[in-house]
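If you're wondering where the values come from, they're calculated on a predicted model, not measured in any experiment. Letters A, B, ... are given to chains in the order of the sequence lines, protein chains preceding strands, and every chain is numbered from 1.
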Protein chains: 2
Amino acid sequence: MNLLDIGEVADRSGVAASALRYYEELGLITSAGRKGLRRQFGPEVLLQLSLITMGKAAGFSLQEVAGMFGKDGQPDLPREQLHARADALEAQIRELTLLKEALRHVADCPAPSHLECPKFQKLLRAGSITAEV
Amino acid sequence: MNLLDIGEVADRSGVAASALRYYEELGLITSAGRKGLRRQFGPEVLLQLSLITMGKAAGFSLQEVAGMFGKDGQPDLPREQLHARADALEAQIRELTLLKEALRHVADCPAPSHLECPKFQKLLRAGSITAEV
DNA sequence: TTGCCAATTGAAGCCAGCTTGAGGTCAAGG
DNA sequence: CCTTGACCTCAAGCTGGCTTCAATTGGCAA
């Protein structure tokens, strides 16, 4: 059988064994059984972990990610939520882009105080989050 | 004088007063002085807070934000490092863009199991985040 | 059979980033 | 002058996502 020890899964997925146990506790993954005390994982867990890792990177909490999987690890995805999250990602990407431009500006603009440089202020104000200054 | 009470700053910036005190403790912002016990903030703090908020939204820790922009929005870093930072941001933006596309795909793809959809797998593998499956 | 070493458990600890609470101060308005 | 309420400090608490620890079990190679 191609069942995997937790250490094997940890190595292959890059997720720490302790984290795997934690995920199992939360119900994000399931072990196929035990050999003695030891959990044995089926190979599909690796793909599930990719999804989990991706979901985390996308800004979902583990609870939210858990909500995206049916009991059998089949994704059961709430379209609306996904689009909402994609929108949030887009917003974050915009922020990152602004930040990037701000950094480049600061690196290149010879003005003594950037906070007073109109170009810089414009960048700041472009953030949706920005206070009304 | 146009100095601001902490409550005023909180209102205008949308950042809670307790958070402002915390930021000051960390050295991210500075109060211009005190009136009795009360901190008085100069108006430039609002711009600084924009920067901080933007950095946070972009996923940086407060320490990192502090490193990018010192007080006054003056960077503590030499040009070269700033550009390196900006490059790193660009990479991060590419990652997030992939992620975003993966999310949209999942939201819209009618395949019964995304894990088996080749398009999806390709997206997964495009991310550096993915385990070697 | 023995011994090693990976895996097990439950509880506790850790970090960031604040928030909350208790108890105290003080500037301004009536 | 007195009250009010916004502010102060310091310490403790909270959430999420793990990690670490101590004590124990048991699979597998020799």
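- Using the six-membered ring where Trp is involved, B:Phe69 and A:Phe120 have ring planes that are tilted, between 30° and 60° apart.
- With rounding to the nearest 0.5 angstrom, the CD1 atom of A:Ile6 is 11.0 Å from the CG atom of A:Asp11.
- A sub-4.0 Å separation between OP1 or OP2 of D:dC8 and a side-chain N or O of B:Lys35 is absent.
- When the P atom of D:dA23 is taken as reference, atom CG of A:Leu37 falls 18 Å away, rounded to whole Å.
- Within the structure, a side-chain polar atom (N or O) of A:Tyr23 is placed less than 4.0 Å from OP1 or OP2 of D:dC18.
- In this structure, CD of A:Gln63 is placed 7 Å from P of D:dG17, rounded to the nearest angstrom.
- Rounded to whole Å, atom C1' of C:dA7 lies 16 Å from atom CG of A:Leu3.
- The separation between A:Glu8 atom CD and D:dC28 atom C1' is 16 Å, rounded to whole Å.
- Contact between the side-chain N/O atoms of A:Arg39 and the OP1/OP2 oxygens of C:dT9 is found at a separation under 4.0 Å.
- D:dC28 atom P lies 8 Å from atom CD of A:Gln40, rounded to whole Å.
- Nearest nucleotide to the side chain of A:Arg38, out of D:dG5, C:dA6, C:dC18: C:dA6.
- For B:Tyr22, the listed nucleotide lying nearest its side chain is C:dG17; candidates were C:dT19, C:dG17, D:dG17.
- At C:dT9, one or more side-chain N or O atoms of A:Arg34 fall inside 4.0 Å of OP1 or OP2 (strictly under the cut-off).
- A salt bridge is absent between A:Glu101 and A:Lys122; no separation between the charged side-chain nitrogens and carboxylate oxygens falls under 4.0 Å.
- Counting heavy atoms from C-beta outward, A:Asp108 and B:Arg79 have side chains that approach closer than 4.5 Å.
- Nucleotide D:dG26 holds its C1' atom 16 Å from the CD1 atom of A:Ile6, rounded to whole Å.
- Across the protein-nucleic acid pair, A:Ile52 atom CD1 and D:dG16 atom C1' stand 15 Å apart, rounded to whole Å.
- Mapping A:Ala16 and A:Gly36 onto DNA chain D via the closest heavy atom, the residue that lands nearer the 5' end is A:Ala16.
- If you take CG of B:Leu20 and P of C:dT20, they are 15 Å apart, rounded to a whole angstrom.
- No donor-acceptor distance shorter than 3.5 angstrom exists from the side chain of A:Glu8 to the backbone of A:Asp5, with no hydrogens or angles considered.
- For the pair B:Leu62 and B:Arg21, both in contact range of DNA chain C, the more 5′-proximal nearest nucleotide belongs to B:Leu62.
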